[in-house]
Amino acid sequence: MQDAGVIDRPEILAPAPDDPARIEAFIPTPCVQNHAAFLLPLPGGDMGCVWFGGTQEGVPDISVHFSRLEAGADRWSPAQRLSDDPTRSEQNPLLFHAPDGKLWLLWTAQISGNQDTAIIRRRISADGGRSWGPIETLFGEQPGFGTFIRSPIVVLDNGDWLLPIWRCTKPPAGAWTGDLDTSSVMISSDAGASWTEHPVPGSTGCVHMSIVDLRDGTLVAFYRSRWADWVHVARSADGGRSWSAPVPTELPNNNSSVMATRLADGRLALVYNHSSAADATGRRLSLYDDIGGEDLAPAAPSAGRSAFWGAPRAPMTLALSADQGRSWPIRRNLETGDGYCLTNNSKDRLNREFSYPSLCQTPDGALHIAYTYWRQAIKYVRVAPDWAAGEGA
């Protein structure tokens with residue numbers, strides 16, 4: 001296994017040494033820790049990527065960063081910092097190209113590792129991300145829970161905007177643990193001027209809701225599981241206002257992020273870690289147990305289910321479905337390794353996870369994927385969808 005302290009980070013786009021059908025590069029960054037990438041095609045054929053970077057998740061030097069891959073370029077631009085609150089850890093950014101042509105940037109901002117304090121902030125660009133307007137608060141503080149985001153906004157044919165969120169609820173005693181998190185969809189029918197919340201029933205422990213419009217009048221959503229058991233799925237037939245309760249799919253989940261998209265040919269693509277608690281060799285007390293502080297100490301475990309932290313975040317896998325997400329017979333690993341994540345420490349280069357994938361498809365058919373590489377870097381990969389079936393290998 002490669003030493004986690006000496007990542008080779010080629011920044012020029014090039015075929016992978018052992019796989020010419022796969023184009024890849026690392027995105028330039030000045031940060032010790034880099035995590036939670038999000039990709040979006042930009043006007044003119046460019047590609048944008050945002051992520052959070054700093055010393056370590058939960059530390060207030062964590063900020064949102066942005067890089068651009070110009071159309072035809074062979075490397076991503078140097079990172080540009082787009083947020084800088086010295087009192088909050090600013091995480092999980094996403095980009096949204098609004099129907100009016102403006103580019104939205106949304107992200108979370110929390111105090112230390114207390115996700116129950118998270119709010120959602122926003123900046124808007126009128127020139128495709130070349131410049132940005134002021135920082136605003138989209139969803140502010142709520143008593144007892146924080147608001148988190150990760151997955152894309154979906155625009156329906158009727159003009160509704162669907163933003164999947166989850167509520168990080170603090171338990172009656174101790175710090176936030178993830179045990180009580182639930183998912184909702186925020187819907188706007190007036191281009192983001194106002195929003196209504198639509199909770200997903202039976203969604204305790206199901207987060208990172210990734211919504212896909214199946215283009216037949218129905219929606220499907222895939223979820224990360226706090227229990228580190230399976231990717232879960234739910235469906236809606238009324239534009240996201242009501243949902244079936246999430247149920248397990250055939251794909252494992254390790255309490256780490258997943259993301260799905262509908263391809264031009266109608267198939268679904270999903271990127272995830274093909275692992276679960278069943279593969280774990282250890283377990284963390286909490287997500288933030290290595291940044292210290294009494295305010296981050298969880299209470300004694302309750303009688304209910306508790307979030308499982310520390311299941312290996314590897315391999316990173318691309319899967320395809322031809323039946324609207326009911327089965328995933330085609331799978332191929334993007335990265336393999338032990339996925340060690342019993343610490344988030346990047347300063348000492350202790351973490352070896354591949355995680356938090358983002359994916360999108362461009363009009364030329366290419367599938368673009370970005371993900372965390374050992375929490376030290378963001379890796380970008382471009383493949384054809386059928387690469388997952390071994391074509392071109």
Side-chain angles (χ1 to χ4, degrees), residues 1-2 4 7 22 24 33-39 51-52 57 91-92 148 150-151 166 178 181 205-210 212 221-233 246 248-261 268-284 287 307-321 325 327-344 346 350-359 367-381 383 387-388:
M1 182 184 67
Q2 186 180 7
I7 292 178
R22 167 181 167 146
E24 60 185 28
Q33 182 160 115
N34 300 275
H35 189 43
F38 186 98
L39 289 172
W51 69 96
F52 73 74
E57 181 176 353
Q91 303 178 188
N92 284 23
F148 246 78
R150 166 63 187 156
S151 299
W166 71 97
D181 292 1
C206 292
V207 296
H208 290 219
M209 183 183 192
S210 180
V212 179
F222 301 94
Y223 302 79
R224 162 185 181 167
S225 170
R226 289 285 187 228
W227 323 130
D229 50 8
W230 306 98
V231 174
H232 282 59
V233 63
T249 68
E250 66 189 56
L251 301 178
N253 183 255
N254 54 349
N255 191 10
S256 189
S257 193
V258 305
M259 196 173 288
T261 193
L268 303 188
L270 178 80
V271 188
Y272 70 107
N273 291 127
H274 196 85
S275 61
S276 70
D279 303 296
T281 58
R283 183 171 183 172
R284 299 183 64 174
L287 177 61
F308 192 105
W309 302 99
R313 291 185 167 185
M316 177 62 67
T317 306
L318 169 64
L320 300 180
S321 172
S327 66
W328 301 87
I330 298 175
R331 307 170 194 167
R332 187 174 179 184
N333 291 334
L334 291 151
E335 300 282 355
T336 58
D338 66 6
Y340 181 83
C341 63
L342 293 177
T343 174
N344 293 343
S346 294
L350 300 180
N351 179 288
R352 296 186 296 274
E353 71 185 64
F354 308 114
S355 63
Y356 275 60
S358 176
L359 77 161
L367 194 58
H368 304 257
I369 304 168
Y371 49 89
T372 297
Y373 195 107
W374 288 348
R375 284 200 181 236
Q376 296 178 40
I378 301 299
K379 191 170 186 178
Y380 165 78
V381 174
V383 294
W387 176 91

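- The closest side-chain donor-acceptor pair between Ser257 and Arg150 falls under 3.5 angstrom.
- In this structure, CZ on Phe222 lies 8.0 Å from OG on Ser210, to the nearest 0.5 angstrom.
- In this structure the side chain of Trp230 never reaches within 4.5 angstrom of the side chain of Glu250, judged on heavy atoms.
- In the model, Asn333 has a side-chain atom that pairs as donor or acceptor with a side-chain atom of Thr317 under 3.5 Å.
- Summarising the geometry, atom CG belonging to Asn253 is positioned 12.5 Å from atom CH2 belonging to Trp227; distances are rounded to the nearest 0.5 Å.
- Heavy-atom minimum distance, Gly337 versus Ala314: O-CB, 3.5 Å.
- Put simply, the side chain of Val258 reaches to within 4.5 Å of the side chain of Leu270, judged on heavy atoms.
- With sequence neighbours left out, the ring-ring contact (aromatic ring centres under 6.0 Å, His included) criterion links Tyr356 to His35, His208.
- Shown here for Trp328 and Leu268, the closest heavy-atom pair between the two residues is CZ3-O, 3.6 Å.
- For Arg283 and Trp309, the positive end is not near the middle of the six-membered ring at less than 6.0 Å and at most 45° from its axis.
- When every heavy atom of Ser358 is checked against every heavy atom of Ala37, the shortest pair comes out as CB-O, 3.4 Å.
- Side chains of Leu359 and Leu39 form no contact here, defined as non-hydrogen atoms less than 4.5 Å apart.
- A donor atom on one side chain and an acceptor atom on the other are found under 3.5 Å apart for Asn34 and Trp51.
- Shown here for Ala307 and Gly178, the closest heavy-atom pair between the two residues is CB-C, 4.2 Å.
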Intermediate values then yes/no, side-chain contact (heavy atoms from CB on, under 4.5 Å), Leu287 and Asn344: CA-CA 8 Å; Leu287 177 61; Asn344 293 343; 3.8 Å; yes
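- Pairs of residues two or more places apart, or lying in two chains, that qualify as salt bridge (charged side-chain N to carboxylate O under 4.0 Å, His left out) and include a residue from residues 370-380 are Glu24-Lys379, Glu57-Arg375, Glu335-Lys379, Glu353-Arg375.
- To the nearest 0.5 Å, the span separating CZ on Phe52 from CG on Asn92 amounts to 6.0 Å.
- The side chain to side chain contact (heavy atoms under 4.5 Å, CB included) test with Asn254 is passed by exactly one of Arg224, His274, Arg313: Arg313.
- Looking at Asn273, its side chain does come within 3.5 Å of a backbone N or O of Pro315 through a donor-acceptor pair.
- The shortest heavy-atom contact between Pro312 and Ser276 is CD-O, 4.2 Å.
- A 4.5 Å side-chain heavy-atom check between Pro252 and Ser275 finds every atom pair outside the cut-off.
- Between Ala269 and Leu318, the closest heavy-atom pair is CB-CD1, 4.3 Å.
- Interatomic distance, CE of Met316 versus CD1 of Ile369, reported as 9.0 Å (0.5 Å rounding).
- When only modelled atom types and interatomic distance are considered, Arg226 and Asn255 share a side-chain donor-acceptor pair under 3.5 Å.
- Looking at heavy atoms from C-beta onward, Trp166 lies out of side-chain contact with Met209 at the 4.5 angstrom threshold.
- A donor-acceptor pair under 3.5 Å links the side-chain atoms of Ser321 to the main chain of Ser327, judged by distance alone.
- Atoms SG and NE2, from Cys206 and His232 in turn, are 4.5 Å apart once rounded to the nearest 0.5 Å.
- Taking 4.5 Å as the limit, every side-chain heavy atom of Thr336 sits out of range of all side-chain heavy atoms of Phe354.
- Checked against side-chain contact (heavy atoms from CB on, under 4.5 Å), Thr343 has the following partners two or more places apart in sequence or in another chain: Asp290, Tyr340, Asn345, Leu350.
- Trp387 CH2 to Leu367 CG: the interatomic distance, rounded to the nearest 0.5 Å, is 10.0 Å.
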